[in-house]
Amino acid sequence: MTNTNISFSAGMISLGCPKNQVDGEIMLKKLNEAGFNIVSEIEKSDVMIINTCGFIDSAKQEAIETILEVAEYKKANLIGAIVVTGCLAERYQDEIKKEIPEVDAVVGIGANADIVRVCQKALLGIETSSFPNKCYLPLDGERLVSTPSHWAYLKLSDGCDNKCSYCAIPAIRGKFRSRQPEEVIKEAKELAQNGVKELILIAQDTTKYGYDLFGEYRLAALLKELVKIDGIHWIRLFYCYPQRITDELIDVIAAEDKICNYIDIPLQHASESVLKAMNRVGNADEYKALFSKMRAKIPDLALRTTFMVGFPGETEDDFETLCDFVNEVKFDKMGCFTFSPEEDTPAFDMDNQLDEEVKLHRQEILMNNQYTITENSNKSRIGKVYEVVIDEFDGENYIGRSYLDAPEIDSGIIFKSDSELEIGSFVNVKITDFDGYDLLGVKVD
């Protein structure tokens, strides 16, 4: 099939988390190198790849709706073939093709390295259903980076061994596998040479990086090498597990200017009984002690977390413990989602499942609590000056972020400038007010 694709175009819709997005970028690069013209519009593609998420019900629903939408283009003869990849494909191997016959190929994550051949076959009318071992998912490889040119995700590992009782990720993605440090550093250097100034480190469990290779956590050591790279201005940490935040890691974050004083630690809950049912360790007191230590060592630390409400058996007392914890810790950024029962996980058929109304009510309460915390925090920032990276210009205002804000998930800073500014550059902004979650300001010298 060599060169059969030379005149064909390929598009991709990548859903779900940044880790899946990086997988998609590696696939797009392989297709581009094989001669495919990469396009962003569905109707301009000969083959359309839907790189799916299958983590929770809402993500599955989004993926299915996207596949159905693209199928309409195929019915209208606007595209030639549909390829479904990613977590939904890995998880529901036979059902997708059975339910949506317009799909030409359904392949698991272990087939990502073979995406060129899969697309070629799809365009020739040859259907593919391929699910190699998950260990064949490429951890390394050049990417066609889809984020803005000044920031990019840097994936450290794939898979997970934590086995939280609500989570299907270990079944979908397989065992935890770290990339070799030299490969991570090489990619970071290439990103910097291409103009990337902010690296966002991602994995299913970033803080476990290196354990499978060296028998010890190597995130701190990796960070010490990444900060040496010319051109990188900020390094941001996502998906950190609380029990693996070592004193060494805290000290490195505190000591290195390039590492943002920002850390994302998805806690899921604060009640010890709920955490045990989730097959997670820790409790509110241990978490508070960790955050006190971190805040004492890292100036103006921005803490981001995510919680789950409505887990089976979560009592009013458990939920009150969580609310009290949130009100005491005062996270800078917080997300909350409701428990979604996932097939083939222990929590799927646990006793004492909660009604959806109860879940949604608790989610609303927790997010309202967080909004009050954010409002008070934003008030305290008025008059302060922050270094801000510029993400966009809307014709009237510049929109950017300080170290407090990660792209795509956090709020930002909306500000004015008397002079024209370059997207991706760093400027100083004085905060004058706030609007909801966003800060407002003006550029200063």
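This is a predicted model, so every value here is computed, not measured.
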- Query: Near Phe214 CZ, under 6.0 Å, is it more than 12 heavy atoms from other residues, nucleotides or ligands?
  - Reply: yes
- Task: Verify the distance criterion only: is there a donor paired with an acceptor across the side chains of Gln21 and Ser14 at less than 3.5 Å?
- Result: no
- State which residues pass side-chain hydrogen bond (donor to acceptor under 3.5 Å, both in side chains) with Thr85; sequence neighbours excluded, sorted by chain then number. Asn51
- Query: Between Asp332 and Arg381, does at least one N-O distance fall below 4.0 Å, as a salt bridge requires?
  - Reply: yes
- Item | Under the side-chain hydrogen bond (donor to acceptor under 3.5 Å, both in side chains) test, residues paired with Lys228 that sit two or more places apart | Glu225
- Lys258: what forms a side-chain hydrogen bond (donor to acceptor under 3.5 Å, both in side chains) with it, not counting sequence neighbours? none
- Task: Dump the intermediate steps for ring-ring contact (aromatic ring centres under 6.0 Å, His included) on Tyr371 and Tyr437, then the final yes or no.
- Result: CA-CA 8 Å; Tyr371 183 78; Tyr437 287 98; 5.2 Å; yes
- Less than 6.0 Å separating the ring centroids of Tyr166 and Phe348? no
- Query: Do the charged groups of Arg143 and Glu187 touch, with an N to O distance under 4.0 Å?
  - Reply: yes
- Query: Is there a donor-acceptor contact under 3.5 Å linking the side chains of His233 and Glu387?
  - Reply: yes
- Go through the structure and list residues passing side-chain hydrogen bond (donor to acceptor under 3.5 Å, both in side chains) with Lys330, not counting sequence neighbours. none
- Hey, which of Thr206, Thr207, Asp205 is the one that makes side chain to side chain donor-acceptor pair (under 3.5 Å) with Arg244? Asp205
- Task: Would you please test Phe319 and Phe307 for ring-ring contact (aromatic ring centres under 6.0 Å, His included) and show each step?
- Result: CA-CA 11 Å; Phe319 181 63; Phe307 292 112; over 10 Å; no
- Message: Tell me if the centroids of the rings in Tyr262 and Trp234 come within less than 6.0 Å of each other.
- Response: no
- Task: State, yes or no, whether a side-chain contact exists between Val326 and Leu366 at a heavy-atom distance under 4.5 Å.
- Result: yes
- Message: According to side-chain hydrogen bond (donor to acceptor under 3.5 Å, both in side chains), does anything in residues 308-318 pair up with another residue at least two apart or in another chain? List the pairs.
- Response: His269-Glu314, Ser271-Asp318, Ser273-Asp318, Glu314-Arg362, Thr315-Asp318, Glu316-Arg362
- Message: For Lys186, give me all partners under side chain to side chain contact (heavy atoms under 4.5 Å, CB included), at least two apart in sequence or on another chain.
- Response: Glu183, Glu190
